[in-house]
Amino acid sequence: MADTAEGGAMRRGRNETEEERADRMWQELIQEVRVAQMGVQILFGFLLTVVFTEKYDDLSGTDQTIYLVTVVLGACATGALIGPVSLHRLVSGRRVKPQAVQLASRLTLLGLVLLLATTTSSLLLILRVATHDGFVPYLVAGVVAWYLLCWFVLPLWTRHRYTSR
């Protein structure tokens, strides 16, 4: 719905102040982060236990390297996805919510990219251990393509297609 703002210029969207918009966007962002946090924390928790199993010693050097990279990626994804909560707590009441929302949004996007990398390397490791067939890299590439489509391509296409200029 278009409104006429002061000065006669056309305005689109909600009729909210910068602070109200920041509050709304913060609430939306926190809901999104909760979903991603749960996924990354469960995945990271399982990853941490692998090194303590008997099977870990049987992994090849390559698979152990993939595991270590996966754990580090999981730790980084966890940090990025929990970062918005810490950011909010440390700047709360400082009248910087619009800036905090923008930074938290960037941290969340970074966390999603790191979660994609963690999930990819986890899948690679699991499939390499479960089967030694040469199709594993292709299967992993297919899943990564699916994640990219769901997490980035469709949202960016929607943004481009339906955002007015």
Side-chain angles (χ1 to χ4, degrees), residues 21-94 96-160 163:
R21 182 173 190 266
D23 288 341
R24 177 182 53 80
M25 291 181 71
W26 181 259
Q27 290 303 317
E28 292 173 0
L29 179 66
I30 287 302
Q31 292 301 326
E32 295 163 1
V33 167
R34 282 185 181 135
V35 172
Q37 276 179 349
M38 182 179 297
V40 76
Q41 287 172 334
I42 290 170
L43 177 59
F44 187 54
F46 282 121
L47 285 171
L48 292 176
T49 65
V50 170
V51 74
F52 298 107
T53 65
E54 291 179 26
K55 184 76 171 171
Y56 181 79
D57 291 332
D58 297 337
L59 294 178
S60 70
T62 300
D63 289 339
Q64 287 184 356
T65 299
I66 293 170
Y67 169 74
L68 293 173
V69 167
T70 303
V71 168
V72 170
L73 286 169
C76 292
T78 300
L81 290 170
I82 292 174
V85 175
S86 176
L87 174 69
H88 181 264
R89 185 52 27 227
L90 293 173
V91 302
S92 183
R94 305 284 179 162
V96 294
K97 188 169 267 181
Q99 296 83 2
V101 168
Q102 187 177 42
L103 184 55
S105 181
R106 289 179 180 157
L107 273 172
T108 302
L109 185 58
L110 175 61
L112 290 174
V113 170
L114 289 166
L115 179 57
L116 172 65
T118 304
T119 305
T120 299
S121 58
S122 297
L123 182 62
L124 177 63
L125 178 61
I126 290 167
L127 292 177
R128 282 178 53 95
V129 171
T131 178
H132 299 290
D133 290 335
F135 70 86
V136 168
Y138 302 106
L139 187 56
V140 171
V143 172
V144 169
W146 176 249
Y147 285 159
L148 290 171
L149 178 70
C150 293
W151 293 6
F152 300 103
V153 174
L154 288 175
L156 289 172
W157 175 82
T158 301
R159 183 169 107 176
H160 174 75
T163 301

Judged by atom type as modelled, is there a donor-acceptor pair below 3.5 Å linking the side chain of T49 to the main-chain atoms of F46?
-> yes
Would you say T53's side chain and V50's backbone share a donor-acceptor pair under 3.5 angstrom?
->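 The answer is yes, because a donor-acceptor pair under 3.5 Å joins these two groups.
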Measure the spacing between [atom1] of [X] and [atom2] of [Y] and express it to the nearest 0.5 Å.
X: F152; Y: L156; atom1: CZ; atom2: CG; answer: 8.5 Å
X: L154; Y: L149; atom1: CG; atom2: CG; answer: 4.0 Å
X: Q99; Y: L87; atom1: CD; atom2: CG; answer: 10.5 Å
X: L73; Y: I66; atom1: CG; atom2: CD1; answer: 11.5 Å
X: L114; Y: T120; atom1: CG; atom2: OG1; answer: 11.0 Å
X: L68; Y: S121; atom1: CG; atom2: OG; answer: 11.0 Å

Specify the closest pair of heavy atoms between [X] and [Y], including all atoms of both residues, with the distance to one decimal.
X: G74; Y: V40; answer: O-CG2, 4.1 Å
X: W26; Y: P84; answer: CH2-O, 3.2 Å
X: A77; Y: G111; answer: CB-O, 4.0 Å
X: Q37; Y: L81; answer: NE2-O, 2.8 Å

Contacts satisfying side chain to side chain donor-acceptor pair (under 3.5 Å) that involve residues 129-153 (not counting sequence neighbours) are T131-D133
Counterpart residues, side chain to side chain donor-acceptor pair (under 3.5 Å), relative to T118 (two or more places apart) = none
Please, which pairs that meet ring pair (Phe, Tyr, Trp, His ring centres under 6.0 Å) have at least one residue in residues 54-80, sequence neighbours excluded?
->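 The answer is Y56-Y67.
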Step-by-step side-chain contact (heavy atoms from CB on, under 4.5 Å) determination, I82 to Q41 | CA-CA 10 Å; I82 292 174; Q41 287 172 334; 3.4 Å; yes
Does the side chain of L123 reach to within under 4.5 Å of the side chain of L139, using non-hydrogen atoms?
-> no
Residue pair S105 / M25, side-chain heavy-atom distance below 4.5 Å = no
What residue among I30, V35, L29 forms side chain to side chain contact (heavy atoms under 4.5 Å, CB included) with E32?
-> L29
